[in-house]
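See structure below.
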Amino acid sequence: MEKALQEIEESYRSISRRVKMKPRVGIILGTGLAKLVDKVSGRESLSYDDIPHFPVSTVEGHANRLFFGRLAGKDALIMQGRVHYYEGFSLQRITLPVRVMKRLGIEILIISNAAGGLNPLFSPGDVMVISDHINLTGQNPLIGPNLDSFGPRFPDMVAVYDRELIRAAEQAAAKEKIKLQKGVYVGIPGPSLETPAETRFLRMIGADAVGMSTIPEVIVGVHCGLRILALSAISNVNLPDCMQPATLKEILKNAAAAGRKMVKIVEGVIKQL
Ligand code: HPA
């Protein structure tokens with residue numbers, strides 16, 4: 001058996017032996033959204049350390065636990081903590097949990113991240129629902145032998161972000177009187193932030209927000225046929241002609257403000273499923 005496939009199976013078996021729930025929804029919590037876990041009832045959790053092959057994050061603000069429980073009346077599987085390419089993990093390692101969640105039976109994947117706003121109409125603390133993306137990481141998690149049991153060699157990328165889930169997010173935001181931005185996310189490798197010239201370039205090529213995560217997990221999610229909803233917490237807004245340094249403290253504060261709105265939107269979406 002392909003080594004990658006064997007690792008996925010080992011992770012899957014280790015989890016399914018210990019947890020009997022069969023959730024339809026999987027959620028990857030990025031910076032700012034960790035509090036969603038407080039809304040989960042009857043929860044059980046496993047430490048990533050206790051799951052074979054799961055990558056363990058080194059970044060501040062990321063716990064490393066896999067939660068199972070009920071959220072907004074539905075069973076859900078929630079990853080609190082994710083790893084990034086800039087931490088030195090391969091994209092295969094970063095995306096292994098997505099395929100493990102698929103094996104555990106999820107059909108819908110909800111992903112959150114913190115991102116820098118590029119659209120001048122955005123404000124720090126806004127939430128953006130991702131309508132499309134640009135992969136500028138210089139990498140692709142599907143490079144290597146195709147895992148045919150998960151999906152095709154050349155997955156279609158015409159409608160990556162599920163239209164119905166975007167609509168559900170818009171409805172949930174409207175109901176809670178939350179302003180929801182919508183736009184294109186560009187993924188870069190990081191960890192250095194963008195120069196003013198890079199910021200101008202990213203805006204010119206059509207991006208509304210920039211970040212260092214999400215794209216690998218989304219590509220692997222599309223490959224295995226998951227319906228995807230992704231939300232960005234806009235933690236800072238970068239305008240190339242008056243760039244200010246974005247401090248980690250400010251990024252975390254604004255991501256938390258956006259995170260409080262995201263929690264309500266995600267609950268509203270799950271209720272509609
Ligand atoms: N650039 C890239 N990634 C980010 C940013 C940014 O300005 N803010 C939060 N994540």
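From a predicted model like this one, the values you see are computed outputs, not experimental measurements. Below, all heavy atoms of this structure are taken into account, side chains as well, without hydrogens, waters or symmetry copies. Ligands are counted one by one from 1 in listed order, and the atoms in each one are counted from 1 as well.
Scanning the protein for heavy atoms near atom 9 (C) of ligand 1, the closest one is S235 OG, 3.3 Å. Looking from atom 10 (N) of ligand 1 to the surrounding protein, the closest heavy atom is A114 O, 3.6 Å. Taking atom 1 (N) of ligand 1 as the reference point, the nearest protein heavy-atom neighbour is E194 OE1, 2.9 Å.
The 12-atom threshold is exceeded at NZ of K20, counting heavy atoms of other residues, nucleotides or ligands nearer than 6.0 Å.
The M212 neighbourhood of ligand 1 comprises atoms 2 (C), 3 (N), with distances under 4.0 Å to a heavy atom of that residue. The contact set between ligand 1 and G211, taken as ligand atoms under 4.0 Å from a residue heavy atom, comprises 3 (N). Residue N236 has at least one heavy-atom neighbour below 4.0 Å for each of these atoms of ligand 1: 5 (C), 6 (C), 7 (O), 8 (N), 9 (C). Counting atoms of ligand 1 from 1 in the listed order, those under 4.0 Å from a heavy atom of A115 are 8 (N), 9 (C), 10 (N). Counting the atoms of ligand 1 from 1 in the order shown, those under 4.0 Å from a heavy atom of G116 are 4 (C), 5 (C), 6 (C), 7 (O), 8 (N), 9 (C).
With a 4.0 Å cut-off on non-hydrogen atoms, V210 touches ligand 1 through its backbone as well as its side chain. Contacts with ligand 1 closer than 4.0 Å are made by no heavy atom of A255, backbone or side chain.
T199 and R203 share no donor-acceptor pair across their side chains, judged by distance under 3.5 Å alone.
A salt bridge is absent between E267 and K271: the closest approach of a Lys/Arg side-chain nitrogen to an acidic carboxylate oxygen does not fall below 4.0 angstrom. Ion pair K182/D208 not flagged as a salt bridge, since none of the NZ, NE, NH1 or NH2 atoms sits closer than 4.0 Å to an Asp/Glu carboxylate oxygen.
Between A246 and ligand 1 there is no heavy-atom distance shorter than 4.0 Å.
Just one of I178, V269, L36 meets the side chain to side chain contact (heavy atoms under 4.5 Å, CB included) condition when paired with K264; it is I178.
Looking only at side-chain heavy atoms (C-beta outward), P97 and P55 come within less than 4.5 Å of each other. In this structure, L193 and N236 have side chains that are not in contact, with every pair of non-hydrogen atoms separated by 4.5 Å or more.
Note that CG of L121 is 7.5 Å distant from CD of Q181, once rounded to the nearest 0.5 Å.
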